[in-house]
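What follows is one structure encoded as structure tokens, with my remarks underneath.
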Amino acid sequence: MAMERYNPKQAETRWQRIWEEARIFETDNDSPDPKYYVLEMFPYPSGRIHMGHVRNYAMGDVVARYKRARGFNVLHPMGWDAFGMPAENAAIQNKVHPRDWTYANIDAMRRQLKSMGLSLDWSREFATCDVEYYTQQQALFLDFLAAGLIYRRNSKVNWDPVDMTVLANEQVIDGRGWRSGALVEQRELTQWFFRISDFAEDLLVSLDELDQWPEKVRLMQKNWIGKSEGLTLRWEITDPAEAGGATDIEVYTTRPDTLYGASFLAIAADHPLARDLAAKDPAIASFCDQCRRAGTSLAALETAEKIGFRTALEVVHPLDPAWTIPVFIANFVLMDYGTGAIFGCPSGDQRDLDFARKYNLPVTPVVMPADADAASFVITDTAYVGDGVMINSRDLDGLSPDQAFAQVASRLETRTLGNAPQAARKTNYRLRDWGLSRQRYWGAPIPVIHCEDCGVVPVPVADLPVKLPDDVTLDRPGNPLDHHPTWKHVTCPNCGKDARRETDTMDTFVDSSWYFARFTAPRHATPTDPAVASAWLPVDQYIGGIEHAILHLLYSRFFTRAMRLTGHVDLKEPFRGLFTQGMVVHETYRSGKDSKGEWIAPAEVEITEIDGVRTARHARTGEPLVIGSIEKMSKSKKNVVDPDDIIDSYGADTARFFMLSDSPPDRDVIWTEAGVEGAHRFVQRIWRLLGEASANLEGVRAGTGTGGVALAVSRSAHKTVKAVGEDIEKLAFNKAVARLYELVNTLAAPLSEVAAGKAEPELRSACKQAADMVVQLIAPMMPHLAEECWKMLGNTGMVATTRWPDYDPGLVTDDQVTLPVQINGKKRGDLTIDRNADQAAVEAAVLALDFVRAATAGKPPRKLIIVPQRIVNVVI
RNA sequence: GCCCCUUUGGCGGAAUUGGUAGACGCGCCGCACUCAAAAUGCGGUUCCGAAAGGAGUUCCGGUUCGAGUCCGGAAGGGGGCACCA
């Protein structure tokens, strides 16, 4: 019987409509079934989905459909991370309103996502720029403000001169704005901050409990939080008059053990003492200015020399009143870490050593490797930073650095200088508070009012939302809300006097820090329905790109803690399982020979392969092209493949299946035309094999084979059910795919027999069962094809609402096992024996094997290792 | 500079976590169908060798009856942080 080729276009739209009409993916918050929350990082509505989205959402959908089939009440929502700069840029370039641009993009992308056949609960959809969403975000802001989790302070900020906005530290990459790429400048502004640093310790220790997160992400967060344990230590100034009355300088150190190696103190150019000195001394003032200027770009820092200015000040060594040490102002000391002052121990720190060599300061080794010789150990041009034993440190000599640390710390803690302890143990974190103010239009307005008399007045909850005005001019630099004619002029809610609205909006990372909670009750009148949110959360499986390993994930963890303190949820960690998927990459092509030519899109390239050498030509002009490296799909390199084109020519199932095959999901996947075609061949193969057999399977009851081919068919089917389930649980989609190929290959011959009408009833019955299983197993990955085949096989209902098949444990283990037999660790043959054969039986059988007898020459082996059901090793 | 990960056929990758290396896919080769091609089906495909056999998981060394897997060192590739005291 000739089968027609499977027509995905027609079938896919039909099933998408059927699913939608049956509303089977809309989730009931009151279901008695156990919950499972699977979430993919929601997209920014840039206008079109890309292959990275396809990969991300295909993975999430496999999990969602699988868990649903396993009897879970699955929450699988979708929304839009819709505030942000690109909308404003588009508005300036194309003269469209950011709102119109954003919502038009959302409509286009929603249509694209729907064409993928994702099992999403679209009834919960929202965009973060919806008034309803940011109203609730403003309510959260007010609660956080009342709880002391937000504060305002004057601070030096990273200013992006192109986007005309402030950037968080995390948004500055190599000294440039993460979006504009412009060199970031330093400015003083009054900004709002989240007190994320108050949570540093909790955010750090809780990482240990996130055992379903990639180790790599946990490590990156750990490094980002950057805990260090040390000592703050005050050094007495010998001549307070010279220091403008200051009596001591406080430094922060993690190495008090190296105190006897100290040869200078250095303070930041912005240190109060440096400012005092600068006010009196023009040379110091100009040096400090130089430091600040150089400090504006990190790029400059990389090459910047360590420079210092030796002041007239000297300080007394804490452990020896007769010992004084010079004080420098240095460009490498940061005012906002520790105390803005350090002591330098050149022998134990490379940077201090370079500085000491430059300014001819003493270099005394104080730690040496345990096996070195104290008399001859010297530091030349490399500092010794390792562990070992103390030397040249008087009473500390012979101790380990750890012991020396403890001794110095406890000695100086109990000593007083002035009327306070000279030193205190202190833990420091690199993590800074999160500045959330942005001087932009397209973001959630910060709901406060500035009154001359009352100060900062929160907008009363009853007055929310603070809505963005529609009529704005965006083609002027600066903050559009600030130069709106009327919007900011309000009366003070407290005293009724004229007052001014806060014109800053919130960082878009705020929007994405709690959307997962909002999905649990997306239309609720408060930010969350606490009972519902606490029941659904944490997200059981969160899937997205590694690029959010620090920013978004750390902010969300902070937000969940803050929402807990303000009663919106009852948990600390928002994401129990995290999976970071790899990128979709593609070969690049260029015209011309010298790799300076234009980039050419894959759709225009024709590849030919002769004797393993691939050459590329332009499909239209025939011009030879250079095949370049494989890189992340990007518009600039034109190596993008449009999901729409692929879905149009191969169907969504093929696109989804290919994205799940071949590469492990956490690694990059190379998009190749050949790979897609392979996936599509499999779609057609399943359709043809099942279709041709289906006529002879009509009315056949599914059953398990008991012997011969029928038993073999049932064995492979049941084994595959077990394996695919386990692989999906582990998100090892590539392995699940391989299992499916294997099963279909095994079923090809028996199904052909059925199609030819030559199969016995038992084989037909086993084939019907196996065919049903194949369909159920492919359903999470290729849901449309699965529905189509399910119907063709005469089944009722939808696969999408069918329970996952059970396997018979008796069928997944074979009665006989084939053990490899090694002689001295080299495989020399096999032994097929009863699975449950005991040690003695295996031993006897092994020794009876011809090649074993030949090798042992009648003598008993020196050793016989039998690993049950695994392997045998005969040692002679 | 510091920290982390990674290295398996022509290619993407499997290998029950110390037990038959190369599952599955791509590519390639052969055969069938066809006047022919495409499509499809069947078979082969780590390397050397006609075969018997031997070698083989980046390299060097170690532990073990047995190492892709564990330990020590080197090299290549990728990523994160980066004046953090």
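Numbered from 1 within each chain, the chains take letters A, B, ... in sequence-line order. Please read these numbers as outputs of a predicted model, since none were measured by experiment.
Side-chain atoms of A:Tyr359 come within 3.5 Å of backbone N or O of A:Gly308 as a donor-acceptor pair. A:Thr253 places no side-chain N or O within donor-acceptor distance of the main-chain N or O of A:Leu231, the cut-off being under 3.5 Å. Here the side chain of A:Asp433 pairs a donor or acceptor atom with the backbone of A:Ile196 at under 3.5 angstrom.
B:G53 is paired with B:C48 under the criterion used here, namely a Watson-Crick or G-U wobble arrangement in which both key atom distances are under 3.5 Å. Figure legend. B:C2 is base-paired to B:G80; pairs are counted as Watson-Crick or G-U wobble with both atom distances under 3.5 Å. B:A14 makes up no base pair with any nucleotide shown, lacking Watson-Crick or G-U wobble contacts both under 3.5 Å. Base-pair partner of B:U40: B:A32 (Watson-Crick or G-U wobble, both distances under 3.5 Å). Using N1 to N3 plus N6-O4 or O6-N4 for Watson-Crick, or N1-O2 and O6-N3 for G-U wobble, each under 3.5 Å, B:U64 pairs with nothing.
The phosphate of B:A14 has OP1 or OP2 within less than 4.0 Å of a side-chain N or O from A:Asn734. In terms of phosphate contacts, A:Arg688 brings no side-chain nitrogen or oxygen within less than 4.0 Å of OP1 or OP2 of B:U40. The side chain of A:Arg430 contributes no N or O atom lying less than 4.0 Å from OP1 or OP2 of B:A85. Regarding contacts with the backbone of B:A85, a side-chain N or O of A:Ser228 is found under 4.0 angstrom from either OP1 or OP2. In this structure, A:Lys863 reaches the B:C65 phosphate: one of its side-chain N or O atoms is under 4.0 Å from OP1 or OP2. Contact annotation: A:Arg828 side-chain N/O to B:G54 OP1/OP2 distance is under 4.0 Å. Look at A:Asn745 and you'll find a side-chain N or O under 4.0 angstrom from OP1 or OP2 of B:G25. Remark: A:Tyr337 is in phosphate contact with B:A85, judged by side-chain N or O atoms under 4.0 Å from OP1 or OP2.
For A:Ile342, whose side chain is taken as the heavy atoms from C-beta onward, the closest listed nucleotide among B:C81, B:A85, B:C65 is B:A85. For A:Val867, counting side-chain heavy atoms from C-beta on, the closest listed nucleotide (B:C24, B:C3, B:G19) is B:G19. Here B:G66 is the nucleotide among B:G80, B:G66, B:A23 with the atom lying nearest to any side-chain atom of A:Asn873. Of the candidates B:G13, B:C81, B:C24, the closest approach to any side-chain atom of A:Trp224 belongs to B:C81. Of the listed nucleotides (B:A82, B:A85, B:A14), B:A85 has the atom at the smallest distance from the side chain of A:Thr253. Distances from the side chain of A:Ile550 to the nucleotides B:C84, B:C81, B:G25 place B:C81 closest. Between B:C42, B:C24, B:U40, one nucleotide has an atom nearer to the side chain of A:Ala748 than all others, and that is B:C42.
One interatomic measurement links the two molecules: CD of A:Glu729 to P of B:U16, which rounds to 19 Å at whole-angstrom precision. Rounding to whole angstrom units, CD of residue A:Gln350 and P of B:G1 are separated by 10 Å. Separating the CD atom of A:Glu677 from the P atom of B:A39 is a distance of 9 Å, rounded to the nearest angstrom. Taking atom CE of residue A:Met781 and atom P of nucleotide B:G25, one finds them 15 Å apart after rounding to whole Å. Note: CZ (A:Phe332) to P (B:C83) measures 13 Å, nearest angstrom. For A:Lys826 and B:A67, the NZ to C1' distance is 12 Å, given to the nearest whole Å. One atom, CG of A:Asn331, and another, P of B:C83, lie 12 Å apart when rounded to the nearest Å. Rounded to whole Å, the distance from CG on A:Leu551 to P on B:G80 is 12 Å.
A syn base is found at B:G9: its glycosidic angle is within 90° of 0. For B:U20, the base is anti relative to its sugar; the glycosidic angle deviates from 0 by more than 90°.
The pair A:Arg357-A:Asp352 does not count as a salt bridge, with every side-chain nitrogen at least 4.0 angstrom from each carboxylate oxygen. Checked for salt-bridge contact, A:Asp336 and A:Arg432 meet the test: a charged N lies under 4.0 Å from a carboxylate O. Remark: A:Lys722 engages A:Glu726 in a salt bridge, criterion side-chain N to carboxylate O under 4.0 Å.
Side chains of A:Ile778 and A:Phe657 form no contact here, defined as non-hydrogen atoms less than 4.5 Å apart.
If you check every strand for non-hydrogen atoms under 4.0 Å, A:Lys827 touches a base. Residue A:Tyr252 is classed as a base contact, given a heavy-atom separation below 4.0 Å to a base. If you check every strand for non-hydrogen atoms under 4.0 Å, A:Arg862 touches nothing. Across all strands shown, A:Gly678 has heavy atoms under 4.0 Å from sugar-phosphate atoms exclusively, and none from any base. Among the heavy atoms of the strands lying under 4.0 Å from A:Arg685 are primed sugar atoms or P, OP1, OP2 only; no base atom is included. In this structure, A:Val875 reaches the sugar-phosphate backbone alone: every heavy-atom distance under 4.0 Å involves primed, P, OP1 or OP2 atoms, never a base. Nucleic acid contact for A:Val333: base, since at least one base atom lies under 4.0 Å from a heavy atom of the residue. As judged by a 4.0 angstrom heavy-atom cut-off over every strand, A:Gln822 is placed among the base-contacting residues. When heavy atoms are screened at a 4.0 angstrom cut-off, A:Asp352 is found touching no nucleic acid atom at all. Nucleic acid contact class of A:Thr254 (heavy atoms, under 4.0 Å, all strands): sugar-phosphate only. In this structure, A:Leu219 reaches the sugar-phosphate backbone alone: every heavy-atom distance under 4.0 Å involves primed, P, OP1 or OP2 atoms, never a base.
Remark: the A:Arg870 side chain and the B:U16 base include a donor-acceptor N/O pair separated by less than 3.5 Å. Counting atom types as modelled, A:Lys306 pairs a side-chain N or O with a base atom of B:C83 as donor and acceptor under 3.5 Å. Taking 3.5 Å as the limit, the base of B:C84 and the side chain of A:Arg432 contain a donor-acceptor pair of atoms between them.
For the C1' atoms, the distance linking B:A14 with B:U46 amounts to 15 Å, nearest Å. B:A21 and B:G56 have their P atoms separated by 12 Å, given to the nearest Å. Look at the P atom in both B:C48 and B:G9: the space between them is 14 Å, to the nearest Å.
Heavy-atom neighbours of A:Arg557 CZ from other residues, nucleotides or ligands within 6.0 Å: above the threshold of 12.
Using bins of under 30°, 30° to 60° and over 60° for the plane-to-plane angle, the ring pair A:Tyr741/A:Phe682 lands in the tilted bin.
Remark: A:Arg5 fails to qualify as a cation-pi partner of A:Trp687 under the 6.0 Å distance and 45° angle criteria applied to the six-membered ring.
Nearest-nucleotide positions on RNA chain B for A:Leu334 and A:Lys216 put A:Lys216 closer to the 5' end. Ranked by how close their nearest RNA chain B nucleotide is to the 5' end, A:Ser663 and A:Thr672 are led by A:Ser663.
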